Amino acid sequence: SRGSMNLVFETYNRGRTDHNRAMGKIIKWSEKAGSMKSLSFERIKDFELIRIGFDPSTRAPLTHVAIEQVEEGVASVVALVVNPEARGQGLGPASLRDLVNVAPTCVEGIQKFQAYVNKYALPGFESIGGHFAGMRTGKVTTGCIYIVEIDASMVAQSVSFEMACA
């Protein structure tokens, strides 16, 4: 593993005027980054929250992660992508840590985060306090068969709303 890299994050909430601009960035960048599933406008237009991580010196986008929806206090974590050129530097777990710290200040009602992950992403979730919560059932085409959960109350809420969500 190469050393770790710092990231600067931007937040885009659904309903903000710049949300469409963020979606355009994500769609374009995900195609370049070789995302397993290509992200379309239809797929991400209703994401509650999008966090994009940039290299602080070049402003190049290196990672993004989003919350698709919040139902009954559970936020669905989706679209975690790390640029292939920046993999192996801890950016996936750093993006997740950032998301779980910031999201409850931006999206009301989050009590828990949940994601379907593959065997390669499981350690990243566990490294930030996530725990294995079961296996996904039914037809799965992406290899994301593990259910991982992170309790929002276990996360240090050290970021102000103005800093995180504005």
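Remember, predicted model here, so these are calculated numbers, not experimental data.
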Can R59 and E10 be counted as an ion pair, charged N to O under 4.0 angstrom? yes
Please report the closest heavy-atom contact between I150 and G130, naming both atoms and the distance. CG1-CA, 3.5 Å
Would you say I128 ends up clustered with L122 if hydrophobic residues are merged whenever their side chains have heavy atoms under 4.5 Å apart, either directly or through other cluster members? yes
Closest approach of L99 to A66 (non-hydrogen atoms, all atoms of both residues): CD2-O, 4.3 Å
Could you tell me the separation between the CG atom of L91 and the CG atom of D55, rounded to the nearest 0.5 Å? 9.5 Å
Would you check if H64 and S95 make a side-chain contact, meaning some heavy-atom pair closer than 4.5 Å? no
Y146 side, atom OH; R136 side, atom CZ - distance, nearest 0.5 Å: 13.5 Å
Test item: V117 and F125 side chains (from C-beta on) under 4.5 Å apart, heavy atoms: yes
Distance-minimising heavy-atom pair for C106 and L49: CB-CD1, 4.0 Å
Give a yes or no answer on whether the side chain of R87 reaches the backbone of V82 with a donor-acceptor pair at less than 3.5 Å. yes
Is any side-chain heavy atom of I52 closer than 4.5 Å to a side-chain heavy atom of T63? no
Do L96 and L80 come close enough that some side-chain heavy atom pair is under 4.5 Å? yes
Measure the shortest side-chain to side-chain distance between F54 and F9 over non-hydrogen atoms and say whether it is less than 4.5 angstrom. no
Between I145 and Y116, is there shared hydrophobic-cluster membership here, with clusters defined by ILVMFWY side-chain heavy atoms closer than 4.5 Å? no
Within the 4.5 Å heavy-atom criterion, are V100 and V77 side-chain neighbours or not? no
Of all heavy-atom pairs linking A86 and L62, the shortest is CB-CD2, 4.1 Å
Separation of K112 NZ from D151 CG (nearest 0.5 Å): 8.0 Å
From E68 atom CD to Q114 atom CD, the distance as rounded to the nearest 0.5 Å: 12.0 Å
Nearest 0.5 Å, please: how far is CG in N118 from SG in C144? 5.0 Å
For a quick test of reading the model, state the closest non-hydrogen atom pair linking I110 to A152 and the distance between them. O-CB, 3.9 Å
Closest non-hydrogen atoms of G124 and P93, given as atom of the first, atom of the second and distance, are CA-CG, 3.8 Å
Considering only heavy atoms from C-beta outward, does the side chain of L7 approach that of D98 to under 4.5 Å? no
So do F113 and E149 actually touch side chain to side chain, heavy atoms under 4.5 Å? no
Would you check if the side chain of N101 reaches a backbone N or O of R97 as a donor-acceptor pair within less than 3.5 Å? yes
